[in-house]
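Working notes, beginning with the structure itself.
Model, not experiment: these values are computed from the prediction. What's counted below: heavy atoms across the whole structure, side chains too, no hydrogens, waters or symmetry copies.
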Amino acid sequence: MIRIYCDTNVFSNLETYRKGELDDPKKIETYASLKMLMDNNKSSWSYFFSHAHIRDKEKADERKFAYFDFIESYVGSNCIHYFEDSQRPLFFNQPPKAIYDDTDRSFSDLMSLFVSESDEDGDGLNLLRESMKDLLVNQIIKIPDNINNQIPEKYQSSVHQLLPIENASTNVYEVMQRINTFTENVMGDQKLYKDVRSYLFESLHNGSLTNVPSERFEELFELSIFKKTFYQYVIDSLSQYKDKTQVPYHYFYIQAYILMDMFGISKEKLKRKNTFNNILNDSFHSYYAQYCDIFITEDEGMRKKSGYLYDLYGTSKTKIMSPIVAVRYLPFLIRNEIKNFNDFVGRINQDLNEGEKKDIGLIYEHGTVSFIHCKSKYFNYFNGMLLYESDAKSHVSLVKINDTVLHKSNDYELGMIVNKCISIFGQDGFGVGNFNPDVELVEIQEGVWKGRGWKINEQQTMWLMINQSLKQLSFDLGPIE
(Lines give C-alpha, C1' and ligand atoms only; values in the text may rest on other atoms or scores of the structure.)
Protein backbone atom coordinates (compact mmCIF):
# COMPACT_ATOMS: atom_id res chain seq x y z
CA MET A 1 0.00 0.00 0.00
CA ILE A 2 1.01 3.65 -0.24
CA ARG A 3 2.87 4.34 3.00
CA ILE A 4 2.72 7.87 4.34
CA TYR A 5 4.80 9.27 7.20
CA CYS A 6 3.76 12.65 8.63
CA ASP A 7 6.02 14.27 11.20
CA THR A 8 4.73 15.60 14.51
CA ASN A 9 4.05 19.15 13.27
CA VAL A 10 1.83 17.88 10.45
CA PHE A 11 -0.21 15.71 12.81
CA SER A 12 -0.40 18.58 15.32
CA ASN A 13 -1.67 20.97 12.65
CA LEU A 14 -4.22 18.39 11.48
CA GLU A 15 -5.47 18.08 15.06
CA THR A 16 -5.52 21.87 15.51
CA TYR A 17 -7.50 22.24 12.28
CA ARG A 18 -9.98 19.59 13.45
CA LYS A 19 -10.55 21.58 16.63
CA GLY A 20 -11.05 24.79 14.61
CA GLU A 21 -8.01 26.48 16.18
CA LEU A 22 -5.86 27.17 13.09
CA ASP A 23 -5.55 30.92 12.47
CA ASP A 24 -3.59 31.17 9.21
CA PRO A 25 -6.04 31.15 6.23
CA LYS A 26 -3.48 29.43 3.98
CA LYS A 27 -2.87 26.71 6.56
CA ILE A 28 -6.61 26.26 7.06
CA GLU A 29 -7.03 25.68 3.32
CA THR A 30 -4.03 23.33 3.15
CA TYR A 31 -4.94 21.22 6.17
CA ALA A 32 -8.62 21.06 5.24
CA SER A 33 -7.58 19.48 1.93
CA LEU A 34 -4.93 17.24 3.49
CA LYS A 35 -7.28 15.96 6.19
CA MET A 36 -10.00 15.20 3.64
CA LEU A 37 -7.53 13.28 1.45
CA MET A 38 -6.13 11.31 4.38
CA ASP A 39 -9.58 10.58 5.85
CA ASN A 40 -11.06 9.44 2.54
CA ASN A 41 -8.21 7.08 1.69
CA LYS A 42 -7.65 5.15 4.91
CA SER A 43 -8.56 1.97 3.03
CA SER A 44 -5.87 2.60 0.38
CA TRP A 45 -3.04 4.34 2.21
CA SER A 46 -1.28 3.21 5.38
CA TYR A 47 -0.01 5.84 7.83
CA PHE A 48 2.99 5.20 10.08
CA PHE A 49 4.52 6.66 13.22
CA SER A 50 7.69 6.09 15.23
CA HIS A 51 9.04 6.79 18.70
CA ALA A 52 10.09 10.21 17.36
CA HIS A 53 6.44 11.27 17.60
CA ILE A 54 6.47 10.17 21.25
CA ARG A 55 9.77 11.94 22.01
CA ASP A 56 8.40 15.18 20.54
CA LYS A 57 5.63 15.15 23.16
CA GLU A 58 7.53 13.74 26.16
CA LYS A 59 7.61 17.03 28.05
CA ALA A 60 4.10 18.11 27.05
CA ASP A 61 1.27 18.17 29.57
CA GLU A 62 -1.68 15.78 29.75
CA ARG A 63 -2.91 17.01 26.35
CA LYS A 64 -0.32 14.77 24.76
CA PHE A 65 -2.59 11.79 25.39
CA ALA A 66 -5.34 13.41 23.34
CA TYR A 67 -2.72 13.93 20.62
CA PHE A 68 -1.78 10.23 20.79
CA ASP A 69 -5.47 9.34 20.39
CA PHE A 70 -5.72 11.63 17.37
CA ILE A 71 -2.74 10.19 15.50
CA GLU A 72 -3.92 6.68 16.38
CA SER A 73 -7.07 7.43 14.34
CA TYR A 74 -4.71 7.45 11.34
CA VAL A 75 -1.79 5.20 12.20
CA GLY A 76 -3.58 2.60 14.30
CA SER A 77 -0.78 0.25 15.39
CA ASN A 78 1.49 0.95 12.40
CA CYS A 79 4.72 1.69 14.25
CA ILE A 80 8.20 1.43 12.77
CA HIS A 81 10.79 0.82 15.47
CA TYR A 82 14.52 0.10 15.53
CA PHE A 83 15.40 -3.03 17.50
CA GLU A 84 18.86 -3.29 18.99
CA ASP A 85 18.98 -7.08 19.07
CA SER A 86 18.41 -7.45 15.32
CA GLN A 87 20.03 -4.07 14.47
CA ARG A 88 17.29 -3.25 11.98
CA PRO A 89 13.94 -1.46 11.85
CA LEU A 90 10.86 -3.65 12.12
CA PHE A 91 7.12 -3.21 12.20
CA PHE A 92 5.98 -2.97 15.80
CA ASN A 93 2.26 -3.64 16.17
CA GLN A 94 1.53 -1.14 18.97
CA PRO A 95 -0.49 2.12 19.13
CA PRO A 96 1.12 5.43 20.22
CA LYS A 97 -0.02 5.26 23.85
CA ALA A 98 1.57 1.83 24.23
CA ILE A 99 4.88 3.16 22.91
CA TYR A 100 4.85 6.08 25.30
CA ASP A 101 6.96 5.42 28.38
CA ASP A 102 7.14 8.17 30.93
CA THR A 103 9.97 6.48 32.81
CA ASP A 104 12.70 6.77 30.18
CA ARG A 105 15.85 8.16 31.72
CA SER A 106 17.59 11.07 30.06
CA PHE A 107 21.34 11.45 29.70
CA SER A 108 21.27 13.76 32.69
CA ASP A 109 19.50 11.13 34.78
CA LEU A 110 22.11 8.53 33.86
CA MET A 111 25.01 10.87 34.62
CA SER A 112 23.47 11.66 37.99
CA LEU A 113 24.11 8.07 39.04
CA PHE A 114 27.77 9.10 39.25
CA VAL A 115 27.67 12.73 40.30
CA SER A 116 24.49 13.22 42.39
CA GLU A 117 23.65 11.64 45.72
CA SER A 118 20.04 10.59 46.34
CA ASP A 119 18.25 9.47 49.52
CA GLU A 120 16.26 6.99 47.43
CA ASP A 121 19.34 5.10 46.26
CA GLY A 122 20.25 3.55 49.59
CA ASP A 123 23.50 3.57 51.57
CA GLY A 124 25.23 0.96 49.39
CA LEU A 125 24.92 2.89 46.13
CA ASN A 126 25.73 6.21 47.78
CA LEU A 127 28.85 4.68 49.36
CA LEU A 128 29.92 3.38 45.95
CA ARG A 129 29.24 6.81 44.49
CA GLU A 130 31.41 8.49 47.11
CA SER A 131 34.23 6.03 46.43
CA MET A 132 34.01 6.76 42.72
CA LYS A 133 33.94 10.49 43.44
CA ASP A 134 37.17 10.26 45.47
CA LEU A 135 38.80 8.32 42.65
CA LEU A 136 37.67 10.78 39.95
CA VAL A 137 38.59 13.91 41.94
CA ASN A 138 42.18 12.65 42.18
CA GLN A 139 42.44 12.26 38.38
CA ILE A 140 43.93 15.66 37.46
CA ILE A 141 43.60 17.19 33.99
CA LYS A 142 46.01 20.01 33.08
CA ILE A 143 44.54 22.88 31.05
CA PRO A 144 46.89 24.47 28.45
CA ASP A 145 48.05 27.99 29.35
CA ASN A 146 47.09 29.60 26.05
CA ILE A 147 43.71 27.93 25.54
CA ASN A 148 41.85 31.25 25.97
CA ASN A 149 43.80 32.74 23.07
CA GLN A 150 42.73 29.86 20.81
CA ILE A 151 38.99 30.34 21.40
CA PRO A 152 37.20 33.44 20.01
CA GLU A 153 35.93 35.64 22.82
CA LYS A 154 32.29 35.34 21.74
CA TYR A 155 32.42 31.57 22.30
CA GLN A 156 34.43 31.48 25.54
CA SER A 157 31.37 31.54 27.81
CA SER A 158 29.94 28.50 26.03
CA VAL A 159 33.23 26.59 26.18
CA HIS A 160 33.53 27.53 29.85
CA GLN A 161 30.42 25.49 30.57
CA LEU A 162 32.30 22.42 29.40
CA LEU A 163 35.81 23.17 30.69
CA PRO A 164 37.11 25.64 33.34
CA ILE A 165 39.46 27.35 30.87
CA GLU A 166 40.35 30.08 33.39
CA ASN A 167 42.05 27.51 35.68
CA ALA A 168 45.41 25.79 35.37
CA SER A 169 43.87 22.36 35.94
CA THR A 170 40.71 20.45 36.75
CA ASN A 171 39.77 16.87 37.55
CA VAL A 172 37.73 14.13 35.94
CA TYR A 173 34.87 14.50 38.44
CA GLU A 174 34.43 18.21 37.67
CA VAL A 175 34.54 17.51 33.93
CA MET A 176 31.83 14.86 34.34
CA GLN A 177 29.67 17.37 36.23
CA ARG A 178 30.21 19.95 33.51
CA ILE A 179 29.48 17.42 30.75
CA ASN A 180 26.26 16.54 32.55
CA THR A 181 25.20 20.21 32.79
CA PHE A 182 26.43 21.10 29.29
CA THR A 183 24.61 18.16 27.70
CA GLU A 184 21.40 19.03 29.52
CA ASN A 185 21.72 22.67 28.46
CA VAL A 186 22.62 22.06 24.83
CA MET A 187 19.60 19.75 24.49
CA GLY A 188 17.24 22.59 25.38
CA ASP A 189 19.11 25.91 25.06
CA GLN A 190 18.81 27.29 21.53
CA LYS A 191 21.53 29.93 22.09
CA LEU A 192 24.06 27.42 23.37
CA TYR A 193 23.42 25.05 20.46
CA LYS A 194 23.68 28.02 18.08
CA ASP A 195 27.06 28.96 19.57
CA VAL A 196 28.33 25.40 19.26
CA ARG A 197 27.17 25.13 15.66
CA SER A 198 28.51 28.56 14.68
CA TYR A 199 31.90 27.81 16.23
CA LEU A 200 32.18 24.51 14.37
CA PHE A 201 30.96 26.13 11.16
CA GLU A 202 33.55 28.93 11.31
CA SER A 203 36.40 26.73 12.52
CA LEU A 204 35.98 23.78 10.17
CA HIS A 205 34.82 24.99 6.75
CA ASN A 206 33.19 28.45 7.01
CA GLY A 207 30.62 27.73 4.33
CA SER A 208 32.79 25.93 1.78
CA LEU A 209 30.73 22.75 2.24
CA THR A 210 27.32 24.37 2.59
CA ASN A 211 24.69 23.46 0.01
CA VAL A 212 27.16 21.90 -2.45
CA PRO A 213 25.71 19.48 -5.05
CA SER A 214 25.30 16.02 -3.56
CA GLU A 215 27.26 14.41 -6.40
CA ARG A 216 30.35 16.45 -5.44
CA PHE A 217 29.91 16.52 -1.68
CA GLU A 218 32.08 13.52 -0.75
CA GLU A 219 34.90 14.74 -3.01
CA LEU A 220 34.86 18.29 -1.58
CA PHE A 221 34.57 17.04 2.00
CA GLU A 222 37.70 14.91 1.53
CA LEU A 223 39.59 17.92 0.12
CA SER A 224 38.64 20.04 3.15
CA ILE A 225 40.19 20.20 6.62
CA PHE A 226 38.63 16.81 7.40
CA LYS A 227 40.89 14.94 4.93
CA LYS A 228 38.44 12.07 4.57
CA THR A 229 35.03 11.53 3.03
CA PHE A 230 31.95 12.47 5.02
CA TYR A 231 30.93 8.81 5.01
CA GLN A 232 34.26 7.81 6.57
CA TYR A 233 34.15 10.74 9.00
CA VAL A 234 30.72 9.65 10.27
CA ILE A 235 31.86 6.03 10.58
CA ASP A 236 35.01 7.05 12.48
CA SER A 237 33.05 9.35 14.79
CA LEU A 238 31.08 6.36 16.09
CA SER A 239 33.94 5.41 18.37
CA GLN A 240 31.97 2.81 20.32
CA TYR A 241 32.34 0.49 17.31
CA LYS A 242 35.91 -0.74 17.05
CA ASP A 243 35.09 -2.78 13.95
CA LYS A 244 33.87 -0.06 11.59
CA THR A 245 32.35 -2.62 9.23
CA GLN A 246 29.83 -3.45 11.96
CA VAL A 247 28.35 0.04 12.38
CA PRO A 248 24.55 -0.32 12.11
CA TYR A 249 23.00 1.83 9.39
CA HIS A 250 20.58 3.25 11.97
CA TYR A 251 23.38 4.87 13.98
CA PHE A 252 25.26 5.92 10.87
CA TYR A 253 22.20 7.76 9.56
CA ILE A 254 21.34 9.51 12.85
CA GLN A 255 24.96 10.61 13.25
CA ALA A 256 25.17 11.82 9.64
CA TYR A 257 21.98 13.87 10.00
CA ILE A 258 23.16 15.50 13.25
CA LEU A 259 26.62 16.29 11.87
CA MET A 260 25.08 17.78 8.73
CA ASP A 261 23.25 20.23 10.95
CA MET A 262 25.95 20.73 13.58
CA PHE A 263 28.61 21.52 10.96
CA GLY A 264 26.18 23.77 9.08
CA ILE A 265 26.60 21.69 5.92
CA SER A 266 22.90 21.51 5.18
CA LYS A 267 22.26 24.87 6.70
CA GLU A 268 18.92 26.26 7.83
CA LYS A 269 18.09 29.40 9.74
CA LEU A 270 18.32 28.75 13.47
CA LYS A 271 15.01 29.49 15.14
CA ARG A 272 13.86 29.22 18.73
CA LYS A 273 12.89 25.55 18.36
CA ASN A 274 16.25 24.41 16.99
CA THR A 275 17.77 22.94 20.11
CA PHE A 276 19.92 19.86 19.86
CA ASN A 277 17.06 17.76 21.21
CA ASN A 278 14.82 18.95 18.35
CA ILE A 279 17.52 18.14 15.80
CA LEU A 280 17.90 14.68 17.33
CA ASN A 281 14.16 14.07 17.07
CA ASP A 282 14.19 15.35 13.49
CA SER A 283 16.91 12.84 12.65
CA PHE A 284 14.69 10.02 13.95
CA HIS A 285 11.76 11.22 11.83
CA SER A 286 14.03 11.39 8.79
CA TYR A 287 15.40 7.91 9.42
CA TYR A 288 12.04 6.20 9.83
CA ALA A 289 10.36 8.11 6.99
CA GLN A 290 12.69 6.54 4.42
CA TYR A 291 10.83 3.25 4.89
CA CYS A 292 7.63 4.87 3.59
CA ASP A 293 6.64 6.08 0.12
CA ILE A 294 5.84 9.65 1.15
CA PHE A 295 7.29 11.87 3.89
CA ILE A 296 5.22 14.98 4.69
CA THR A 297 6.79 17.69 6.84
CA GLU A 298 6.43 21.45 7.30
CA ASP A 299 10.12 21.68 8.22
CA GLU A 300 12.10 22.92 5.22
CA GLY A 301 15.40 22.07 6.90
CA MET A 302 14.28 18.50 7.53
CA ARG A 303 13.13 18.15 3.94
CA LYS A 304 16.45 19.47 2.73
CA LYS A 305 18.69 17.32 4.93
CA SER A 306 16.59 14.19 4.39
CA GLY A 307 16.64 14.63 0.62
CA TYR A 308 20.37 15.28 0.70
CA LEU A 309 21.13 12.11 2.67
CA TYR A 310 18.66 9.97 0.69
CA ASP A 311 20.27 11.19 -2.53
CA LEU A 312 23.84 11.04 -1.22
CA TYR A 313 23.75 7.40 -0.19
CA GLY A 314 20.93 6.11 -2.40
CA THR A 315 19.10 4.76 0.63
CA SER A 316 15.54 5.68 -0.28
CA LYS A 317 13.09 6.46 -3.06
CA THR A 318 10.82 8.23 -0.61
CA LYS A 319 9.14 11.36 -1.95
CA ILE A 320 9.64 14.23 0.51
CA MET A 321 7.13 17.07 0.41
CA SER A 322 5.46 19.88 2.30
CA PRO A 323 1.73 19.71 3.10
CA ILE A 324 1.05 22.22 0.29
CA VAL A 325 2.77 19.95 -2.24
CA ALA A 326 1.10 16.89 -0.72
CA VAL A 327 -2.42 18.18 -1.39
CA ARG A 328 -1.44 18.57 -5.05
CA TYR A 329 0.36 15.23 -5.35
CA LEU A 330 -1.94 12.86 -3.44
CA PRO A 331 -4.90 13.26 -5.84
CA PHE A 332 -2.60 11.97 -8.60
CA LEU A 333 -2.26 8.70 -6.65
CA ILE A 334 -6.04 8.42 -6.46
CA ARG A 335 -6.46 9.02 -10.21
CA ASN A 336 -3.75 6.45 -10.92
CA GLU A 337 -5.40 3.60 -8.99
CA ILE A 338 -6.79 0.61 -10.90
CA LYS A 339 -10.51 1.11 -11.42
CA ASN A 340 -11.77 -2.26 -12.74
CA PHE A 341 -10.79 -5.55 -14.38
CA ASN A 342 -10.38 -4.06 -17.87
CA ASP A 343 -8.16 -1.31 -16.50
CA PHE A 344 -6.08 -3.97 -14.74
CA VAL A 345 -5.64 -6.08 -17.88
CA GLY A 346 -4.76 -2.99 -19.91
CA ARG A 347 -1.98 -2.05 -17.53
CA ILE A 348 -0.63 -5.61 -17.47
CA ASN A 349 -0.44 -5.60 -21.28
CA GLN A 350 1.22 -2.17 -21.27
CA ASP A 351 3.93 -3.36 -18.87
CA LEU A 352 4.44 -6.56 -20.87
CA ASN A 353 4.71 -4.70 -24.18
CA GLU A 354 6.66 -1.62 -23.09
CA GLY A 355 8.63 -2.76 -20.05
CA GLU A 356 12.31 -3.66 -20.25
CA LYS A 357 12.91 -7.34 -19.51
CA LYS A 358 15.89 -8.16 -17.30
CA ASP A 359 17.43 -11.52 -16.52
CA ILE A 360 17.65 -11.84 -12.73
CA GLY A 361 19.12 -15.33 -12.51
CA LEU A 362 16.03 -17.16 -11.27
CA ILE A 363 15.69 -20.78 -12.35
CA TYR A 364 12.42 -21.95 -13.93
CA GLU A 365 12.31 -25.61 -14.93
CA HIS A 366 9.97 -25.04 -17.87
CA GLY A 367 11.66 -22.01 -19.42
CA THR A 368 13.03 -18.53 -18.65
CA VAL A 369 12.24 -15.91 -16.02
CA SER A 370 12.52 -12.18 -16.67
CA PHE A 371 11.89 -9.18 -14.44
CA ILE A 372 9.96 -6.09 -15.53
CA HIS A 373 9.81 -2.90 -13.49
CA CYS A 374 6.14 -1.91 -13.63
CA LYS A 375 4.94 1.54 -14.59
CA SER A 376 1.82 0.97 -12.51
CA LYS A 377 1.73 0.25 -8.79
CA TYR A 378 -0.83 -2.55 -8.69
CA PHE A 379 -3.25 -2.40 -5.76
CA ASN A 380 -0.98 0.33 -4.32
CA TYR A 381 1.62 -2.34 -3.55
CA PHE A 382 3.09 -4.48 -6.35
CA ASN A 383 5.62 -2.59 -8.46
CA GLY A 384 7.49 -5.44 -10.18
CA MET A 385 6.59 -8.29 -12.50
CA LEU A 386 8.15 -11.71 -12.96
CA LEU A 387 7.46 -13.09 -16.44
CA TYR A 388 7.67 -16.88 -16.68
CA GLU A 389 7.97 -17.88 -20.36
CA SER A 390 7.94 -21.39 -21.84
CA ASP A 391 7.16 -23.04 -25.17
CA ALA A 392 3.78 -24.14 -23.87
CA LYS A 393 2.37 -21.41 -21.65
CA SER A 394 3.53 -18.27 -19.88
CA HIS A 395 2.31 -16.45 -16.79
CA VAL A 396 3.19 -13.44 -14.67
CA SER A 397 3.63 -12.84 -10.95
CA LEU A 398 3.25 -9.32 -9.59
CA VAL A 399 5.73 -8.78 -6.74
CA LYS A 400 7.04 -6.03 -4.50
CA ILE A 401 10.56 -4.91 -5.31
CA ASN A 402 12.98 -5.45 -2.44
CA ASP A 403 13.98 -1.78 -2.15
CA THR A 404 14.18 -1.50 1.67
CA VAL A 405 14.40 -3.90 4.60
CA LEU A 406 10.69 -3.23 5.18
CA HIS A 407 9.51 -3.86 1.62
CA LYS A 408 7.10 -6.62 2.65
CA SER A 409 3.60 -5.78 3.86
CA ASN A 410 2.74 -5.86 7.53
CA ASP A 411 -0.42 -7.54 8.83
CA TYR A 412 -2.57 -4.44 8.45
CA GLU A 413 -1.37 -3.74 4.91
CA LEU A 414 -1.95 -7.36 3.86
CA GLY A 415 -5.60 -6.92 4.76
CA MET A 416 -5.75 -3.68 2.78
CA ILE A 417 -4.31 -5.40 -0.31
CA VAL A 418 -6.82 -8.24 -0.10
CA ASN A 419 -9.71 -5.79 0.33
CA LYS A 420 -8.46 -3.66 -2.59
CA CYS A 421 -8.53 -6.74 -4.85
CA ILE A 422 -12.04 -7.63 -3.64
CA SER A 423 -13.23 -4.07 -4.40
CA ILE A 424 -11.96 -4.42 -8.00
CA PHE A 425 -12.70 -8.06 -8.84
CA GLY A 426 -15.47 -8.91 -6.37
CA GLN A 427 -15.65 -12.02 -4.18
CA ASP A 428 -13.27 -14.74 -5.31
CA GLY A 429 -14.28 -18.01 -6.95
CA PHE A 430 -14.90 -19.62 -3.56
CA GLY A 431 -17.23 -16.86 -2.39
CA VAL A 432 -14.63 -15.35 -0.03
CA GLY A 433 -14.67 -11.57 0.37
CA ASN A 434 -12.84 -9.08 2.58
CA PHE A 435 -9.92 -10.00 4.83
CA ASN A 436 -10.76 -11.49 8.23
CA PRO A 437 -7.70 -10.71 10.39
CA ASP A 438 -8.78 -12.84 13.37
CA VAL A 439 -8.85 -15.97 11.20
CA GLU A 440 -6.50 -15.31 8.32
CA LEU A 441 -3.50 -14.00 10.27
CA VAL A 442 -3.48 -17.30 12.17
CA GLU A 443 -3.68 -19.20 8.86
CA ILE A 444 -0.74 -17.23 7.52
CA GLN A 445 1.35 -18.01 10.63
CA GLU A 446 0.50 -21.69 10.27
CA GLY A 447 1.29 -21.68 6.54
CA VAL A 448 -2.21 -22.73 5.44
CA TRP A 449 -3.58 -19.43 4.10
CA LYS A 450 -5.26 -19.93 0.72
CA GLY A 451 -5.39 -16.27 -0.30
CA ARG A 452 -7.91 -15.35 -2.97
CA GLY A 453 -8.50 -16.91 -6.39
CA TRP A 454 -10.56 -15.76 -9.39
CA LYS A 455 -11.40 -17.67 -12.55
CA ILE A 456 -11.29 -15.42 -15.62
CA ASN A 457 -12.31 -18.08 -18.12
CA GLU A 458 -11.83 -21.80 -18.69
CA GLN A 459 -8.06 -21.39 -19.06
CA GLN A 460 -7.06 -18.27 -17.10
CA THR A 461 -7.00 -17.68 -13.36
CA MET A 462 -5.75 -15.02 -10.94
CA TRP A 463 -4.37 -15.76 -7.47
CA LEU A 464 -3.41 -13.48 -4.60
CA MET A 465 -1.27 -15.67 -2.35
CA ILE A 466 1.98 -16.16 -0.47
CA ASN A 467 4.49 -17.30 -3.07
CA GLN A 468 6.38 -20.12 -1.34
CA SER A 469 9.40 -19.78 -3.62
CA LEU A 470 9.73 -16.03 -3.14
CA LYS A 471 8.57 -16.07 0.51
CA GLN A 472 6.38 -13.03 -0.12
CA LEU A 473 2.92 -11.95 -1.24
CA SER A 474 2.34 -12.14 -5.00
CA PHE A 475 -0.48 -11.79 -7.51
CA ASP A 476 -0.30 -14.48 -10.19
CA LEU A 477 -2.04 -14.28 -13.57
CA GLY A 478 -1.98 -16.90 -16.31
CA PRO A 479 -1.67 -18.38 -18.67
CA ILE A 480 -1.09 -15.41 -20.99
CA GLU A 481 -0.60 -15.33 -24.74
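- Note: Phe284 and Tyr288 have tilted aromatic rings, judged against thresholds of 30 and 60 degrees for the angle between ring planes.
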**OP:** Any chance you could lay out the side-chain contact (heavy atoms from CB on, under 4.5 Å) test for Phe11 and Val75, step after step, and finish with the verdict?
**Re:** CA-CA 11 Å; Phe11 274 127; Val75 303; 3.9 Å; yes

Original post:
Please walk me through it: do Lys400 and Lys408 pass side-chain contact (heavy atoms from CB on, under 4.5 Å)?
Top reply: CA-CA 7 Å; Lys400 180 74 165 65; Lys408 296 181 180 179; over 6 Å; no

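- A distance-only check finds a donor-acceptor pair linking the side chain of Arg452 to the backbone of Gly433 [under 3.5 Å].
- Of the possible polar contacts, one joining the Ser283 side chain to the Leu280 backbone as a donor-acceptor pair under 3.5 Å is found.
- Checking side-chain atoms of Asp476 against main-chain N and O of His395 turns up no donor-acceptor pair under 3.5 Å.
- In this structure, the side chains of Asp343 and Arg347 come closer than 4.5 Å at one or more pairs of heavy atoms.
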Exercise answer: donor-acceptor pairs, residues 320-332 side-chain atoms, under 3.5 Å, sequence neighbours excluded:
residue, atom, partner, partner atom, Å
Ser322, OG, Val325, N, 3.3

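- Nearest approach of Ala256 to Leu309, heavy atoms of both residues: CB-CD2, 4.1 Å.
- The side-chain heavy atoms of Leu398 and Ile348, taken from C-beta on, include a pair separated by under 4.5 Å.
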Subject >> Chi angles and distances behind the side-chain contact (heavy atoms from CB on, under 4.5 Å) call for Ile235, Gln232 >> reply: CA-CA 5 Å; Ile235 291 290; Gln232 193 59 53; 4.0 Å; yes

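- Phe252 places a side-chain heavy atom less than 4.5 Å from the side chain of Tyr313.
- Tyr257 carries Lys305 over the face of its six-membered ring, with the cationic atom under 6.0 Å from the centre and within 45° of the normal.
- For Tyr100 and Lys64, the side-chain atoms include at least one donor-acceptor pair closer than 3.5 Å.
- With hydrogens and angles left out, the side-chain atoms of Tyr233 and Gln255 include no donor and acceptor closer than 3.5 Å.
- Of all heavy-atom pairs spanning Met38 and Tyr74, the tightest one is CB-CE2, 3.8 Å.
- Between Leu37 and Tyr47, the closest heavy-atom pair is O-OH, 4.3 Å.
- Stacking of Lys450 on the aromatic ring of Phe430 is not recorded, the 6.0 Å distance cut-off and the 45° axial limit not both being met.
- Annotation: Glu356, atom CD; neighbour count of heavy atoms from other residues, nucleotides and ligands within 6.0 Å does not exceed 12.
- For the pair Lys35 and Tyr17, the cation-pi criterion (under 6.0 Å, within 45° of the ring axis) is not fulfilled.
- Of all heavy-atom pairs spanning Trp454 and Gly426, the tightest one is NE1-O, 2.9 Å.
- Of the possible donor and acceptor atoms, none in the side chain of Glu21 sits under 3.5 Å from a partner among the backbone N and O of Thr16.
- Within a 6.0 Å radius of CD in Glu458, no more than 12 heavy atoms belonging to other residues, nucleotides or ligands are found.
- In this structure, Lys97 does not pair ionically with Glu72, as no charged nitrogen and carboxylate oxygen lie closer than 4.0 Å.
- Between the Asn9 side chain and the Ser12 main chain, no donor and acceptor come within less than 3.5 Å of each other.
- Taken from CD in Gln290 to OH in Tyr310, the straight-line distance is 5.0 Å, to the nearest 0.5 Å.
- Taking a 6.0 Å sphere around NZ of Lys339, one finds it holds more than 12 heavy atoms contributed by other residues, nucleotides or ligands.
- Side chains of Thr297 and Asp299: a donor-acceptor N/O pair is absent below 3.5 angstrom, by distance only.
- Remark: Leu441 CG to Asn93 CG distance equals 9.0 Å, nearest 0.5 Å.
- Here the side chain of Glu29 pairs no donor or acceptor atom with the backbone of Lys26 at under 3.5 angstrom.
- Within 6.0 Å of the NZ atom in Lys317, the count of heavy atoms belonging to other residues, nucleotides or ligands does not exceed 12.
- For the 3.5 Å distance criterion, the side chains of Tyr378 and Asn383 fail to qualify, holding no donor opposite an acceptor.
- Contact annotation: the side chain of Glu443 never approaches that of Asn436 to less than 4.5 Å [non-hydrogen atoms, C-beta and beyond].
- A donor-acceptor contact closer than 3.5 angstrom links the side chains of Asn380 and Glu337.
- Heavy-atom minimum distance, Ile422 versus Gln427: CD1-CA, 4.3 Å.
- Of the candidates Phe230, Tyr231, Phe226, Phe230 is the only one forming a ring-ring contact (aromatic ring centres under 6.0 Å, His included) with Phe217.
- Judged by distance alone, with hydrogens and angles left aside, the side-chain atoms of Trp463 form no donor-acceptor pair with the main-chain N or O of Ser474 at under 3.5 Å.
- Under the ring-ring contact (aromatic ring centres under 6.0 Å, His included) criterion, Tyr5 pairs with His53, His285, Phe295, not counting sequence neighbours.
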Subject >> Phe379 vs Phe344, ring-ring contact (aromatic ring centres under 6.0 Å, His included): CA-CA, chis, key distance, verdict >> reply: CA-CA 10 Å; Phe379 319 122; Phe344 170 71; 5.7 Å; yes

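- A 4.5 Å side-chain heavy-atom check between Leu473 and Asn467 finds every atom pair outside the cut-off.
- Listed for the Asp311 side chain is no donor-acceptor partner under 3.5 Å among the backbone atoms of Gly307.
- The minimum heavy-atom distance between Gly384 and Cys374, with the atom names listed, is C-SG, 3.5 Å.
- Distance alone, capped at 3.5 Å, is enough to place a donor-acceptor pair between the Arg303 side chain and the Glu298 backbone.
- Rounding to the nearest 0.5 angstrom, the gap separating the CE atom in Met462 from the NZ atom in Lys455 is 13.0 Å.
- Applying the ring-ring contact (aromatic ring centres under 6.0 Å, His included) criterion to Tyr291, with sequence neighbours excluded, gives Tyr287.
- Not counting sequence neighbours, the partners of Phe48 by the ring-ring contact (aromatic ring centres under 6.0 Å, His included) test are Phe91.
- The salt bridge (Lys or Arg N to Asp or Glu O under 4.0 Å) analysis of residues 236-247, with sequence neighbours excluded, yields the pairs Lys228-Asp236.
- A heavy-atom distance below 4.5 Å is not found between the side chains of Gln87 and His250.
- For Lys357, the salt bridge (charged side-chain N to carboxylate O under 4.0 Å, His left out) test picks out Glu389, with sequence neighbours left out.
- Neither side chain, Asn78 nor Ser46, offers a donor N or O lying under 3.5 Å from an acceptor on the other.
- Annotation: side chain of Ile456 is not in contact with side chain of Thr461 (no heavy-atom distance under 4.5 Å).
- Side-chain atoms of Ser306 come within 3.5 Å of backbone atoms of Met302 as a donor-acceptor pair (strictly under, hydrogens ignored).
- In this model, a donor atom of one side chain and an acceptor atom of the other lie less than 3.5 Å apart for Ser44 and Lys420.
- Within the 4.5 Å cutoff, side-chain heavy atoms of Ile294 are placed close to those of Ile2.
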